[in-house]
Amino acid sequence: MEANTQTAGQIILTGARTLLRGAGQVMFQNSAITGLFFLAGIFWGSYECHVPEVAWGAVVGLAASTLAGYMVGLPDKDGADGLWGFNGILVGCAFPTFLANTWLMWISLIFFAMATTWVRQGFNNVIAPYKTNSYTFPFVFLTWVFLLAARMLGSIDPSAMGEPELVQTAASAYHLDTSFPSLIVYWLKGVSQVFLVNSWVTGILFLVGLALCSRWAAFYAALASAISLALAILYKADPSDIASGLYGFSPVLTGIALGCTFFAVNWKTCLWAIAGIAATFFVQVAMDVLMEPWGIATLTGPFCVATWLFVLPQFKFSAGQD
Amino acid sequence: MEANTQTAGQIILTGARTLLRGAGQVMFQNSAITGLFFLAGIFWGSYECHVPEVAWGAVVGLAASTLAGYMVGLPDKDGADGLWGFNGILVGCAFPTFLANTWLMWISLIFFAMATTWVRQGFNNVIAPYKTNSYTFPFVFLTWVFLLAARMLGSIDPSAMGEPELVQTAASAYHLDTSFPSLIVYWLKGVSQVFLVNSWVTGILFLVGLALCSRWAAFYAALASAISLALAILYKADPSDIASGLYGFSPVLTGIALGCTFFAVNWKTCLWAIAGIAATFFVQVAMDVLMEPWGIATLTGPFCVATWLFVLPQFKFSAGQD
Amino acid sequence: MEANTQTAGQIILTGARTLLRGAGQVMFQNSAITGLFFLAGIFWGSYECHVPEVAWGAVVGLAASTLAGYMVGLPDKDGADGLWGFNGILVGCAFPTFLANTWLMWISLIFFAMATTWVRQGFNNVIAPYKTNSYTFPFVFLTWVFLLAARMLGSIDPSAMGEPELVQTAASAYHLDTSFPSLIVYWLKGVSQVFLVNSWVTGILFLVGLALCSRWAAFYAALASAISLALAILYKADPSDIASGLYGFSPVLTGIALGCTFFAVNWKTCLWAIAGIAATFFVQVAMDVLMEPWGIATLTGPFCVATWLFVLPQFKFSAGQD
């Protein structure tokens with residue numbers, strides 16, 4: 001940490017910035033102020049929904065995964081850019097969302113949050129030759145492992161998860177409130193669900209936080225949530241999932257990734273991002289179906305899969321070129 | 001397209017050749033005449049089975065995926081060799097086979113057929129270091145995504161798909177008509193099912209089309225369908241699937257791939273291809289079981305998996321050696 | 001084989017050493033004497049459990065996979081080091097454990113054991129750029145293929161496998177005998193299950209065989225079985241699986257791999273190995289749940305997955321550093 005000559009105050013400030021950037025990096029923003037808005041959104045939403053343990057889980061997961069980076073001697077620069085924290089904060093949101101609040105859950109949360117930082121290094125090594133990285137997949141993979149295991153571990157209570165069942169073809173009776181105010185709420189919740197939060201206020205805080213670092217990121221997040229909402233209504237996806245914003249969060253991440261992170265902003269990139277956002281919607285529904293026999297959530301898996309599909313071709317979209 | 005100085009007639013001819021080669025490449029044949037026989041077989045079979053939408057789906061999928069290659073500026077040479085069309089034509093056969101004939105199904109078919117060409121570039125980038133390519137996996141992967149999603153999308157009707165269920169161990173009562181004429185029909189249908197067509201006449205058209213470009217390809221297709229049929233009878237695989245040729249189509253592709261496409265033709269290669277054909281049969285049955293909880297088809301997934309298994313070791317089988 | 005000038009006796013000795021090393025390599029020991037103890041343990045345990053076909057399957061699988069290496073002309077050095085045999089011997093243990101004793105099962109066992117040696121070459125090619133190898137995954141993958149297929153093949157009887165079912169959350173009534181002698185038995189069976197053997201005597205034979213080649217390997221095997229047993233009790237994993245040692249065998253392999261095979265022995269490595277052993281336990285439970293809809297075993301899959309997770313980051317743990 002090269003902290004030898006720093007004062008205690010400097011160390012605390014540096015640590016806080018590192019942690020907040022970890023929160024910001026969930027949506028690709030290397031910015032402490034953005035991370036602060038994200039954390040504020042998480043606290044607001046989890047207290048509003050009476051699950052404060054989700055917010056505290058986020059803080060614990062963020063700290064544990066960041067510490068894990070220092071423990072194995074990874075390059076400090078990565079830590080300072082928040083690259084150790086973004087998987088851990090998501091583990092911290094997910095565990096208390098799906099599992100009962102016991103001390104063994106918290107021990108497990110800390111171990112799995114730390115493991116994301118280590119595992120990420122391996123995943124990145126595998127993907128590096130293809131000029132991209134593992135995104136939030138370390139969080140997704142390790143959380144899947146623990147949620148699956150929780151089904152058979154008597155000391156972990158997964159009663160907040162869905163029931164395992166065979167897929168049922170969509171029912172014929174279909175009702176969704178499509179009044180304009182409701183649509184706005186679904187659209188904002190599509191953004192808030194990136195951190196597993198079900199609150200339109202949180203959606204606004206996230207969009208503001210994004211805009212403070214990158215207006216394009218805020219634009220693509222808003223666009224992606226809108227497109228996926230429109231597709232969900234057109235294709236008649238599950239109405240209660242639509243109302244909770246569950247078709248929006250993965251497309252939001254894909255939109256930011258393709259629209260203004262891995263490609264330069266221009267109109268060709270925009271068309272490509274729109275195609276990727278649509279693909280993410282279908283991958284989301286497919287993975288929802290795929291996971292029904294175990295009753296576990298897709299997390300941000302659909303974002304990872306769809307974004308890889310659209311980044312791996314390594315197309316160059318330069319504005320000048322035909 | 002460098003078409004500036006071409007006459008309209010030349011453009012049409014070039015376009016037709018590109019499309020037909022796309023059909024031919026499904027079985028690794030860079031030949032418009034072979035593709036013509038394949039298309040003829042598809043039309044015959046789908047009209048015979050009263051599903052003409054499958055044939056028209058093939059044409060639409062072929063055109064959409066080929067156009068998609070031009071849209072992103074991929075090398076024209078690939079297009080001219082039919083490498084953009086072969087995944088798209090299979091998407092075009094599969095969607096109307098498993099999903100009801102609605103306008104939204106057609107919109108989706110076009111988007112997913114186009115996506116195969118883009119996604120293929122990414123898959124090929126991933127596999128290129130291992131000196132092979134993604135075969136028909138872009139079709140397989142993207143069609144799985146949409147068929148899975150269709151289970152939960154109210155606007156898409158998957159009633160032509162099987163029911164999701166837990167695997168049941170094979171019943172003890174077993175009946176299969178093994179008269180010689182029936183065996184010939186099963187054997188030919190094993191070839192026709194490469195394009196999801198259930199017709200022995202189509203099987204003949206496909207074999208003739210292959211022989212016009214490569215006699216070895218026709219030989220290995222015929223051999224592979226026969227071997228997998230024999231194995232299916234020996235191991236008592238599902239009798240109705242045997243009668244529909246459903247154990248044949250993936251081994252047919254593996255046979256052509258290993259016997260005369262990725263290895264030089266000689267007797268060592270022949271033994272290797274036979275081992276690969278047998279492996280494909282087992283992978284086919286395993287994947288049938290794997291997918292029962294969702295009731296979706298394996299498509300040509302078993303061919304891709306088994307052929308990778310036998311190509312990735314990068315053995316050299318030269319006739320002179322040892 | 002460069003055997004031209006060898007006497008018959010020499011050839012037999014060389015062959016025996018090659019085969020025994022193949023047995024030893026299952027736990028990373030390039031030692032014929034270790035392999036001899038492993039084979040002795042397999043014979044003892046399978047006769048004790050009245051499944052002698054498991055022991056003979058091990059011998060047949062070992063021989064078939066080793067011959068398969070010579071057949072395709074792989075480098076003799078690999079064969080002499082036992083690298084062709086360790087997947088085949090596991091196929092030979094697994095097939096008679098899960099499938100009824102028929103001639104078609106034996107034919108299939110020989111073909112699949114041979115295929116492990118070929119497929120391993122391909123898997124290793126894929127993983128080589130990441131500086132590790134495929135471990136026992138060729139055995140795991142190919143055995144999964146055949147066990148899945150067996151569900152639908154009338155000629156293969158999978159009645160010794162579990163029933164396919166949807167996951168059920170752990171029952172509230174929980175009983176496990178945790179007297180000290182019982183714990184010792186579970187702990188030793190955790191080691192014996194590496195070769196699918198359910199016998200504490202075999203566990204001792206395996207530990208002795210390990211110690212004769214590497215005391216650290218024996219130490220880490222013992223440590224790993226103990227840690228995973230403690231975690232299984234703490235997290236209340238399935239009591240009958242605990243009593244059969246089924247949470248121990250994958251961590252045992254991870255422990256040897258991380259503790260003294262892929263990293264130099266020191267205290268940092270020891271902490272890393274402990275983290276990897278714990279991760280293997282959770283991956284084991286998760287994969288148990290994942291496979292319930294098909295009722296097939298995880299085999300050593302959890303070891304492969306967890307060890308890759310902890311090797312791929314390519315951390316260097318040197319005792320002197322930091």
Side-chain angles (χ1 to χ4, degrees), chain B residues 126-127 129-132 164-176 231-239 241 247 268 271-272 274-276 278-294 302 305-318 321-322, chain C residues 1 68-74 100 102-105 107-108 111-112 114-130 134 138 141-167 290-296:
Chain B
V126 171
I127 301 176
Y130 308 111
K131 296 177 187 156
T132 188
E165 59 187 4
L166 284 188
V167 202
Q168 276 148 13
T169 300
S172 52
Y174 188 88
H175 181 70
L176 176 74
L231 285 172
I233 293 170
L234 175 65
Y235 279 88
K236 290 194 178 162
D238 186 76
D241 281 4
Y247 295 110
K268 281 189 194 167
L271 293 177
W272 192 242
I274 289 170
T280 311
F281 166 74
F282 292 111
V283 173
Q284 173 70 63
V285 185
M287 289 179 74
D288 286 343
V289 171
L290 198 65
M291 292 180 154
E292 280 205 25
W294 302 277
V305 171
T307 301
W308 282 324
L309 290 180
F310 277 72
V311 167
L312 288 174
Q314 299 175 12
F315 293 140
K316 310 275 178 240
F317 299 109
S318 53
Q321 178 198 335
D322 183 28
Chain C
M1 284 172 69
Y70 292 114
M71 283 169 59
V72 294
L74 285 168
T102 64
W103 67 270
L104 205 52
M105 185 278 283
I107 300 284
S108 310
F111 178 68
F112 276 78
M114 292 174 69
T116 58
T117 300
W118 305 330
V119 161
R120 176 176 182 269
Q121 197 64 23
F123 286 179
N124 280 358
N125 286 345
V126 170
I127 302 176
Y130 308 112
S134 59
F141 182 85
L142 288 173
T143 305
W144 280 344
V145 165
F146 197 70
L147 294 182
L148 282 171
R151 292 269 174 217
M152 274 185 42
L153 295 175
S155 301
I156 299 290
D157 177 0
S159 52
M161 285 162 56
E163 282 301 299
E165 58 187 6
L166 285 187
V167 203
L290 198 65
M291 293 182 154
E292 280 206 25
W294 302 276
I296 66 166

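Letters go in sequence order (proteins before strands), and every chain restarts at 1.
- Note that CE of Met71(C) is 9.0 Å distant from CH2 of Trp272(B), once rounded to the nearest 0.5 Å.
- Judged purely by atom type and a 3.5 angstrom limit, Trp294(C) uses its side chain to pair as donor or acceptor with the backbone of Leu290(B).
- Going from atom OH of Tyr130(B) over to atom CG of Asn125(C) covers 9.0 Å, rounded to the nearest 0.5 Å.
- In this structure, CZ in Arg151(C) is found 10.5 Å from CD in Glu292(B), a value given to the nearest 0.5 Å.
- If you measure heavy-atom distances from Ser159(C) to chain B, you find no contacts under 4.5 Å at all.
- The nearest pair of heavy atoms linking Leu166(B) to Leu166(C) is CD1-N, 3.8 Å.
- In this structure, chain C has heavy atoms under 4.5 Å from both the backbone and the side chain of Ala275(B).
- Contact annotation for Pro129(C): only side-chain heavy atoms (C-beta onward) come within less than 4.5 Å of a heavy atom of chain B.
- Your options are Leu142(C), Ile296(C), Val145(C), and the one with the most heavy-atom pairs under 4.5 Å with chain B is Val145(C).
- Heavy atoms closer than 4.5 Å to chain B are found nowhere in Leu147(C), neither backbone nor side chain.
- Phe282(B) and Phe111(C) have tilted rings, their planes meeting at an angle from 30° to 60° on a 0 to 90° scale.
- Remark: Leu312(B) CG to Phe123(C) CZ distance equals 8.0 Å, nearest 0.5 Å.
- Ranked by heavy-atom pairs under 4.5 Å with chain C, the first of Leu271(B), Val283(B), Ile127(B), Leu234(B) is Leu234(B).
- Between Phe281(B) and Leu153(C), the shortest heavy-atom contact is CZ-CD2, 4.1 Å.
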Candidate pair Leu309(B) and Trp118(C), rule side-chain contact (heavy atoms from CB on, under 4.5 Å), full reasoning: CA-CA 8 Å; Leu309(B) 290 180; Trp118(C) 305 330; over 6 Å; no
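- The closest side-chain heavy-atom distance from Phe141(C) to Val305(B) is below 4.5 Å.
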